[in-house]
Undergrad: 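Dumping the structure here so I can ask a few things about it.
As the structure is a computational prediction, the values presented were derived from the model and not from experiment.
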Amino acid sequence: MSKFVILGIIVGIFLFSGIRIIFEYKRAIKFRFGKYIKTLQPGLQWIIPFIETIQIVDIRVITFNIDSQEVMTEDNVPCSIDGVVFFKINNPEKAVLEVEQYKFAITQLAQAALRDVCGKVELDTILSKREEMGKNIKEIVEQETKEWGIEISDVKIKDIQLPENMRRMMANQAEAERSRRARIILALAEEQAAGKLLAAGKLIDQSPSAIKLRLYQTLSHIAAEKNSTILFPFPEEVLPRKKKKRKLPKS
């Protein structure tokens, strides 16, 4: 084998080893002897082997969970809260050059912000205003990550774990609240029914025949069962009575 063939093979291997394919949703940060050169765009790219290196950065929306954090709320209720963070890298150069392991850094910021925000409010606020709590956490984390070329898309609180005794107390409270509402609704219904009955009574009093019609309607409902005996009260005053003969006094 001639020297030119061997040299050609070596050159071919050298050129082939420098080929890099970058996907559309990624960017490549190129370094030469450890110094930043530029950011490579998607497509077929070539670097100088052994001299230049690249670091791939994903520019899609990235999601990671916030580990469950033990939080003491403002009203001294211990609870475990976890969440999820959505972020996107807008400036790959800063994300690589300004911070070491940006994913780990964002995780630590999100955990600290979650404990800080949830520890300043009462438990009822956390349970009823999760969306607002997530926005507050996002604002705190975003203040730091802007300098890293990272945009925080959203922060959501996923789950809130409460002590067992607190769960029972909240269940009793909810049951008592529902019982209170049921009693109020029943009282309002009785009040409305009494008003309607009063109006109906006044209307019936205006016509004696209306009382009879109502009585006949009630009797028809009772007779539909076919197992009832109906008794009509009859006044004794209208019954005929025998007149007693008066005894004449003796003279």
Undergrad: Nearest heavy-atom pair of Ile22 and Ala28: which atoms, and what distance?
TA: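 Heavy-atom minimum between the residues: CD1-CB, 3.3 Å.
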Undergrad: State, with a plain yes or no, whether a side-chain heavy atom of Phe33 is found less than 4.5 Å away from one of Ile51.
TA: yes
Undergrad: Which atom pair, heavy atoms only, marks the closest approach of Tyr102 to Ala95?
TA: CD2-O, 3.6 Å
Undergrad: Taking the side chain as every heavy atom from C-beta outward, state whether Thr63 and Val85 have any atom pair closer than 4.5 Å.
TA: no
Undergrad: Of the options Leu40, Thr39, Ile37, which is the one that meets Ile54 in a side chain to side chain contact (heavy atoms under 4.5 Å, CB included)?
TA: Leu40
Undergrad: When clusters are formed by joining ILVMFWY residues with side-chain heavy atoms under 4.5 Å apart, either directly or through shared neighbours, do Val57 and Ile106 land in the same one?
TA: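 Same hydrophobic cluster.
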Undergrad: Are any side-chain N or O atoms of Ser179 and backbone N or O atoms of Glu175, one a donor and one an acceptor, separated by less than 3.5 Å?
TA: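 No; zero donor-acceptor contacts below 3.5 Å.
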Undergrad: Can you name the closest pair of heavy atoms from Thr53 and Ile47 and give their distance?
TA: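 So the two residues come closest at CA-CD1, 4.4 Å.
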Undergrad: Got a second to check how far Ile152's CD1 is from Gln143's CD, nearest 0.5 Å?
TA: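 Going from the CD1 atom of Ile152 to the CD atom of Gln143 covers 11.5 Å.
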Undergrad: What about Phe86 and Ile137, same hydrophobic cluster or not, with Ile/Leu/Val/Met/Phe/Trp/Tyr joined at side-chain heavy-atom distances under 4.5 Å?
TA: no
Undergrad: Tell me, yes or no, whether the heavy-atom count around Tyr36 atom OH, taken from other residues, nucleotides or ligands under 6.0 Å, exceeds 12.
TA: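 Yes.
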Undergrad: Are Lys156 and Glu131 within salt-bridge range, i.e. N to O under 4.0 Å?
TA: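 Here Lys156 pairs with Glu131 in a salt bridge, since their nearest N and O are under 4.0 Å apart.
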Undergrad: With rounding to the nearest 0.5 angstrom, report the CD1 to CH2 distance, Ile89 to Trp148.
TA: 11.5 Å
Undergrad: Kindly compute the distance separating CG (Asn136) from CG (Leu114), expressed to the nearest 0.5 Å.
TA: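 These two atoms lie 11.0 Å from each other.
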Undergrad: For Gln161 and Asp159, does a side-chain donor sit closer than 3.5 Å to a side-chain acceptor?
TA: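 Distance-only check passes for Gln161 and Asp159.
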Undergrad: Between SG of Cys79 and CD of Glu70, what distance do you get to the nearest 0.5 Å?
TA: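 These two atoms lie 8.0 Å from each other.
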Undergrad: Testing the basics here: between Glu98 and Glu147, what is the closest heavy-atom pair and its distance to 0.1 Å?
TA: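 Scanning both residues completely, I find the closest heavy atoms to be CG-O, 4.0 Å.
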Undergrad: Grouping I, L, V, M, F, W and Y whenever their side-chain heavy atoms are under 4.5 Å apart, do Val99 and Val96 come out in a common cluster?
TA: yes
Undergrad: Can you give me the closest heavy-atom contact between Cys118 and Ile126, atom names plus distance?
TA: O-CD1, 3.5 Å
Undergrad: Centroid-to-centroid, Phe87 to Phe64, below 6.0 Å?
TA: yes
Undergrad: Is the backbone N or O of Ile48 less than 3.5 Å from a side-chain atom of Glu52, with the two atoms forming a donor-acceptor pair by type?
TA: yes
Undergrad: Are side-chain heavy atoms of Asn90 and Ile150 found at a separation under 4.5 Å?
TA: no
Undergrad: Salt bridge or not for Lys146 and Glu142, using N-O below 4.0 Å?
TA: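 Glu142 and Lys146: not salt-bridged.
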Undergrad: Hey, is the main chain of Asp67 close enough, under 3.5 Å, to the side chain of Asn65 for a donor-acceptor pair?
TA: no
Undergrad: Test side chain to side chain contact (heavy atoms under 4.5 Å, CB included) on Asp58 and Tyr25; report intermediate values, then the result.
TA: CA-CA 6 Å; Asp58 197 327; Tyr25 54 86; 3.9 Å; yes
Undergrad: One pair to check against side chain to side chain contact (heavy atoms under 4.5 Å, CB included): Leu127 and Ile160. What are the steps and the verdict?
TA: CA-CA 8 Å; Leu127 295 175; Ile160 302 173; 3.8 Å; yes
Undergrad: Test side chain to side chain contact (heavy atoms under 4.5 Å, CB included) on Thr125 and Met133; report intermediate values, then the result.
TA: CA-CA 9 Å; Thr125 303; Met133 296 295 101; 4.2 Å; yes
Undergrad: Grab the two heavy atoms, one from Ile66 and one from Gln111, that are nearest each other, plus how far apart they are.
TA: CG2-CG, 3.7 Å
Undergrad: Charged N to carboxylate O under 4.0 angstrom, Lys135 versus Glu132?
TA: no
Undergrad: Determine whether more than 12 heavy atoms belonging to other residues, nucleotides or ligands lie under 6.0 Å from atom CD of Glu177.
TA: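 Correct, the count exceeds 12.
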Undergrad: Apply side chain to side chain contact (heavy atoms under 4.5 Å, CB included) to residues Val121 and Thr73 and explain how you reach the verdict.
TA: CA-CA 6 Å; Val121 297; Thr73 62; over 6 Å; no
Undergrad: Under 4.5 Å between any side-chain heavy atoms of Phe31 and Gln55, yes or no?
TA: yes
Undergrad: So for atom NZ, which belongs to Lys38, do other residues, nucleotides or ligands contribute more than 12 heavy atoms lying within a distance under 6.0 Å?
TA: no
Undergrad: Does a salt bridge link Glu151 with Lys88, judged by any charged N lying under 4.0 Å from a carboxylate O?
TA: no
Undergrad: Identify whether Leu109 and Val84 are in the same connected component of the hydrophobic contact network (ILVMFWY, side-chain heavy atoms under 4.5 Å).
TA: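 Per the 4.5 Å side-chain linkage, Leu109 and Val84 are not co-clustered.
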Undergrad: Once you round to the nearest 0.5 Å, how far does CD of Gln108 lie from NZ of Lys103?
TA: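 Going from CD on Gln108 over to NZ on Lys103, the span is 15.0 Å.
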Undergrad: Within a radius of less than 6.0 Å around CG of Leu188, do more than 12 heavy atoms belonging to other residues, nucleotides or ligands occur?
TA: yes
Undergrad: Do Val5 and Ile13 belong together in a cluster built from hydrophobic side chains that touch within less than 4.5 Å?
TA: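 Looking at the clustering, Ile13 is in the same group as Val5.
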Undergrad: Any side-chain heavy atom of Pro42 sitting closer than 4.5 Å to one from Phe23?
TA: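 They are not in side-chain contact.
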Undergrad: Within the side chain of Arg27, is there an N or O that forms a donor-acceptor pair under 3.5 Å with the backbone of Ile56?
TA: no
Undergrad: Side chains of Ile81 and Gln69, heavy atoms from C-beta outward: is any pair under 4.5 Å?
TA: no
Undergrad: Taking Gln45 for the side chain and Gln41 for the main chain, is one N or O donor matched with an acceptor at less than 3.5 Å?
TA: yes
